[in-house]
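Some notes on the structure that comes next.
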Amino acid sequence: MKRIESNLKTWLILTVVTFLTLIAVFLGLPALFLILRVPSFEIGDSALWVLRWQNNASGSGIRFNLVPLLIIAIIVGLLGLLLKLKKPSCVKKPESRNK
């Protein structure tokens, strides 16, 4: 039971950290886009768009969709958990001295 809780905790930490990092990156993008004078664009299409940047004479703005960001964070968390589970343990168990 402790192993399941440990794995769940690892996955949750990886997912939350990845999600918050993605949001921080996306919140910092408008300043960078304005400095670089990036024209309007959209990443993704229809329901699965991730980022929409608008930069025209009427103003500028950025919108991002949380669902794809959360999906990316969950996948990164699962991959991190799989890597942790497949990594061989370097810790040796102490041998019993009762022979």
Side-chain angles (χ1 to χ4, degrees):
M1 187 67 167
K2 288 184 181 182
R3 183 175 176 161
I4 292 173
E5 289 175 7
S6 173
N7 290 340
L8 182 62
K9 184 177 178 183
T10 300
W11 172 79
L12 189 59
I13 289 171
L14 286 171
T15 301
V16 168
V17 168
T18 303
F19 185 66
L20 293 177
T21 302
L22 286 172
I23 288 177
V25 167
F26 275 91
L27 289 177
L29 285 177
L32 181 64
F33 288 166
L34 284 174
I35 291 170
L36 297 175
R37 297 182 183 163
V38 175
S40 299
F41 68 91
E42 180 177 328
I43 298 176
D45 58 359
S46 66
L48 293 177
W49 63 274
V50 177
L51 171 71
R52 290 181 178 160
W53 168 249
Q54 178 188 6
N55 189 11
N56 53 29
S58 65
S60 62
I62 192 167
R63 294 187 309 175
F64 53 94
N65 192 351
L66 292 178
V67 174
L69 293 181
L70 186 58
I71 291 170
I72 292 169
I74 289 170
I75 291 171
V76 168
L78 288 173
L79 290 175
L81 182 62
L82 286 173
L83 289 174
K84 178 187 172 194
L85 293 175
K86 291 192 179 225
K87 186 175 79 172
S89 179
C90 295
V91 179
K92 294 182 179 178
K93 293 182 180 178
E95 293 180 18
S96 174
R97 294 187 180 192
N98 298 334
K99 291 187 178 181

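Ile43 and Ile75 are assigned to two separate hydrophobic clusters, defined by single-linkage of ILVMFWY side chains at heavy-atom distances under 4.5 Å. When hydrophobic clusters are built by joining Ile, Leu, Val, Met, Phe, Trp and Tyr residues whose side-chain heavy atoms come closer than 4.5 Å, directly or via intermediates, Leu69 is grouped together with Leu29. Hydrophobic clustering of Ile, Leu, Val, Met, Phe, Trp and Tyr side chains at less than 4.5 Å, counting indirect connections, unites Val50 with Val76. Under the 4.5 Å side-chain contact rule for hydrophobic residues, Trp11 and Val16 share a cluster. The hydrophobic clustering, which links ILVMFWY residues whose side-chain heavy atoms are closer than 4.5 Å, places Leu8 and Leu83 apart.
In plain terms, the two heavy atoms of Pro30 and Ile62 that are nearest each other are CG-CG2, 3.3 Å.
Rounded to the nearest 0.5 Å, atoms CD1 (Ile71) and CG (Leu66) are 11.0 Å apart. Atom CG in Leu85 sits 10.5 Å away from atom CG in Leu78 (nearest 0.5 Å).
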Exercise for the section: May I have the step-by-step check of side chain to side chain contact (heavy atoms under 4.5 Å, CB included) for Leu51 and Phe41, ending in yes or no? Expected result: CA-CA 8 Å; Leu51 171 71; Phe41 68 91; 3.7 Å; yes
Exercise for the section: Could you give me the CA-CA distance, side-chain angles and deciding distance for Val38 and Asn55, then say whether side chain to side chain contact (heavy atoms under 4.5 Å, CB included) is met? Expected result: CA-CA 7 Å; Val38 175; Asn55 189 11; 5.5 Å; no
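The shortest side-chain heavy-atom distance between Leu14 and Leu79 does not fall under the 4.5 Å cut-off. The shortest distance between side-chain heavy atoms of Lys84 and Ser6 falls below 4.5 Å. Taking the side chain as every heavy atom from C-beta outward, Leu34 and Ser60 approach each other to under 4.5 Å. Proximity of Asn7 to Leu81: side-chain heavy atoms (C-beta onward) are separated by under 4.5 Å at one or more points.
Annotation: cation-pi geometry not satisfied between Arg63 and Trp53 (NZ/CZ under 6.0 angstrom from ring centroid, within 45° of ring axis).
Below 30°, between 30° and 60°, or above 60°: for Phe64 and Phe26 the angle between ring planes is between 30° and 60°, a tilted geometry.
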